[in-house]
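Below: the structure, in structure tokens.
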Amino acid sequence: MFPLDNYQKAASVADAIQHLSSNPDARVIAGGTDVLIRLRDGKTAFSHLVDIHDLEELNRCEMTDDGTIRIGSGVTFTRIIESDIIHDHLPHLHTAAATVGGPQIRNIATIGGNICNGVTSADSASPLLASNAKLIIQGPDGTRHISLSEFYEGPGKTVLKQNEILVAFAIAQEDYEGYAGDYFKYAMREAMDIATIGCAVACRVEGNTLADLRLAFGVAAPTPIRCSTAEKAVRGEAVNEALIQKISETVVKDVNPRTSWRASKEFRIHIIKELAGRVARKAIQKAGGNLS
């Protein structure tokens, strides 16, 4: 048994917000793949839970009338993998979802939980950053929309208040239409491992010119990051091997990895440079760029 002092099953998002507001010690549980581990380890901060698992309003993955892709925070990674919308329009997120844990984890873990943990190794973070994703957050004072880049305050810290719920992610049509993307996760083993480095690229090629590049990393800094210096340096450049080299070399100006038991800072920088070029190359080719 888990050491629970209080458990409430929310009937709706509004009901969940009410439970959270009435109990300052309460935390949200959705898939539970992180919260239950913390409870097992005796983390008393998670002994008051509000369960939002299976709320229909959080479990939709759809395209709205204006072309916006809306992904509910309660959508599991298995559903993301199975979604034609994600496969067709956000291939980098589709690829990243398949790297999360094993099948059992993907069946229950939610994209909202993956982001709300605030960890830099979250596999969905860099693809969402590369997609200019907006977060829809609901609380007792109403609904607010913020960019994912504004969501992180530091390692494991986000701007989400205790009595707020991340409802959905929104990607505008202009941020995916005409773009191709790719994702690669470097880990110490091939399956069911946390990323040593995660790299996502979304790009648009016009003629044989790189019209736009969005390059994002996980575990390359204290929080998931976009590489704005590298992006600006190559926008409008001709697609060729020199471009790939420039991306690889310039990305080091944006990153700040640390040494941990998984890898040294120097090794991470080497992997970052390699992945920046490799993932950009694949995305550019998907977008119609000719590198030969």
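All figures in this text were calculated on a predicted structure; none of them were measured in a lab.
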In this structure, which one of Gln162, His48, Gln8 forms a side chain to side chain donor-acceptor pair (under 3.5 Å) with Asn23?
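Only one of Gln162, His48, Gln8 forms a side chain to side chain donor-acceptor pair (under 3.5 Å) with Asn23, namely His48.
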
Less than 4.5 Å apart, any side-chain heavy atom of [X] and any of [Y]?
| X | Y | value |
| --- | --- | --- |
| Ile17 | Ile165 | yes |
| Asp25 | Asn6 | no |
| Arg79 | Asn59 | yes |
| Ile272 | Cys199 | no |
| Ile225 | Val255 | yes |

Report yes or no: do [X] and [Y] form a side-chain donor-acceptor pair below 3.5 Å?
| X | Y | result |
| --- | --- | --- |
| Thr78 | Thr76 | no |
| Ser131 | His92 | yes |
| Glu241 | Gln245 | no |

Out of Ile115, Val159, Thr120, which one pairs with Tyr152 under the side-chain contact (heavy atoms from CB on, under 4.5 Å) rule?
Ile115

Can you sort out the partners of Lys134 under salt bridge (Lys or Arg N to Asp or Glu O under 4.0 Å), two or more places apart, ordered by chain and number?
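With sequence neighbours excluded, Lys134 shows a salt bridge (Lys or Arg N to Asp or Glu O under 4.0 Å) to no residue whatsoever.
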
Residues two or more places apart in sequence or in another chain: which of them pass salt bridge (Lys or Arg N to Asp or Glu O under 4.0 Å) with Glu164?
Arg144

Thinking salt bridges, do Lys273 and Glu249 make one under a 4.0 Å N-O criterion?
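Glu249 and Lys273: salt-bridged.
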
Are there over 12 heavy-atom neighbours, none belonging to Lys282, within less than 6.0 Å of that residue's NZ?
no

Whether over 12 other heavy atoms sit under 6.0 Å from Gln18 CD:
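Check fails, neighbour count at 12 or below.
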
For [Y], is there any backbone N or O sitting under 3.5 Å from a side-chain donor or acceptor partner on [X]?
| X | Y | result |
| --- | --- | --- |
| His145 | Ile136 | no |
| Arg226 | Leu129 | yes |
| Ser248 | Ile244 | yes |
| Thr68 | Ala170 | no |

Cation over ring, Arg268 on Phe217, under 6.0 Å and within 45°?
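Judged by the rule, Arg268 and Phe217 form no cation-pi pair.
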
Ile108 with Ile29, same ILVMFWY side-chain cluster at under 4.5 Å
no

Are Tyr186 and Val201 connected into the same hydrophobic cluster when the rule is that any two of I, L, V, M, F, W, Y join if their side-chain heavy atoms are below 4.5 Å apart?
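Val201 clusters together with Tyr186.
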
Run the side chain to side chain contact (heavy atoms under 4.5 Å, CB included) check on Val205 and Leu210 step by step: do they pass?
CA-CA 5 Å; Val205 173; Leu210 184 61; 4.3 Å; yes

If the condition is side-chain hydrogen bond (donor to acceptor under 3.5 Å, both in side chains), which residues does Asp65 pass it with, not counting sequence neighbours?
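Residues passing side-chain hydrogen bond (donor to acceptor under 3.5 Å, both in side chains) with Asp65: none at all.
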
